[in-house]
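Shown next, in structure tokens, is the structure this report addresses.
Note that these values count all heavy atoms, side chains included, but never hydrogens, waters or copies made by symmetry. Every value quoted in this text rests on a predicted model; they were computed, and no experiment measured them.
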Amino acid sequence: MRGSFTEKVFNIVKQIPEGRVSAYSDIACALSRGSARAVGSALRRSPGMPEVPCHRVVLKSGRLGGFSGPGGVPGKKLLLEREGVRVYSGRVAEFEQIRWKPAP
DNA sequence: AGCGTGACGAACT
DNA sequence: TAGTTCGCCACGC
């Protein structure tokens with residue numbers, strides 16, 4: 001069993017709809033606890049797809065950030081594009097519009 | 001029980 | 001504009 005913080009992060013990430021993305025800081029904020037960095041640490045240890053669609057979590061700036069899963073960051077980009085999320089120059093196109101925020 | 005390590009973010013040089 | 005520094009905080013050793 002992982003720490004409860006990590007479990008909560010997974011729980012939220014699972015709720016991100018296909019074709020939408022969220023930011024590390026958004027998740028940390030929704031939990032009223034931790035930090036974007038802590039969320040990153042949690043996702044790094046996540047089981048990955050299809051259990052947890054961790055590729056839908058990006059930097060607040062709209063840039064991809066990191067990815068430890070198969071294919072590394074390029075793999076993350078492919079997964080997003082496959083869902084209809086356009087990625088341009090390492091950035092999510094129209095990020096603010098497809099940005100999904102977790103329920104408080 | 002303490003220390004080092006990041007899939008962050010913002011400020012600073 | 002690019003590279004560095006600092007604050008952040010859960011987790012593994």
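- Within the 4.5 Å cutoff, the side chain of T6(A) has no heavy atoms near those of the R45(A) side chain.
- Rounded to whole Å, atom C1' of dA10(C) lies 13 Å from atom CD of E7(A).
- Checked by atom type and distance alone, the side chain of R44(A) never pairs as donor or acceptor with a backbone atom of F67(A) at under 3.5 Å.
- Contact annotation for Y24(A): base contact, defined as any heavy-atom pair under 4.0 Å involving a base atom.
- Between R33(A) and dA10(C), a side-chain N or O to OP1/OP2 separation shorter than 4.0 Å is present.
- Protein atom NZ of K76(A) is 6 Å distant from nucleotide atom C1' of dA7(B), rounded to whole Å.
- Following rounding to the nearest Å, R56(A) (CZ) and dA7(B) (P) show an atom-to-atom distance of 21 Å.
- dG9(B) atom P lies 9 Å from atom CG of D26(A), rounded to whole Å.
- The side chain of S41(A) has dG6(B) as its nearest neighbour among dA7(B), dC11(C), dG6(B).
- The distance from atom CD1 of I12(A) to atom C1' of dA7(B) is 17 Å, rounded to the nearest whole Å.
- Side-chain nitrogen and oxygen atoms of S25(A) include at least one within less than 4.0 Å of the OP1 or OP2 phosphate oxygen of dG9(B).
- Nearest nucleotide to the side chain of A38(A), out of dC11(C), dA7(B), dC9(C): dC9(C).
- Computed from coordinates, the K77(A) NZ to dA7(B) C1' distance equals 18 Å when rounded to whole Å.
- Close to dG12(C), at under 4.0 Å from its OP1 or OP2, lies a side-chain N or O of R2(A).
- Salt-bridge formation is not detected for the pair E83(A)/R20(A): no Lys NZ or Arg NE/NH1/NH2 atom is positioned less than 4.0 Å from an Asp or Glu carboxylate oxygen.
- You'll find that the side chain of K60(A) is closest to dA10(B), out of dA10(B), dA7(B), dC9(C).
- Rounded to whole angstrom, the span from the CZ atom of R44(A) across to the C1' atom of dG12(C) amounts to 11 Å.
- If you measure from atom CZ of F5(A) to atom P of dA10(C), you get 6 Å, rounded to the nearest angstrom.
- Set against dG6(B), dC11(C), dA7(B), the side chain of L43(A) has dA7(B) as its closest nucleotide.
- Closest non-hydrogen pair, L59(A) versus F95(A), comes out as O-CZ, 3.8 Å.
- OP1 or OP2 of dC11(C) lies within a sub-4.0 Å distance of a side-chain N or O belonging to T6(A).
- Taking the side chain of S35(A) as heavy atoms from C-beta on, and the options dC8(C), dA7(B), dG9(B), the nearest nucleotide is dC8(C).
- Look at K8(A) and you won't find any side-chain N or O under 4.0 angstrom from OP1 or OP2 of dA10(C).
- Looking only at distances, a side-chain donor or acceptor of K76(A) sits under 3.5 Å from a matching main-chain atom of V57(A).
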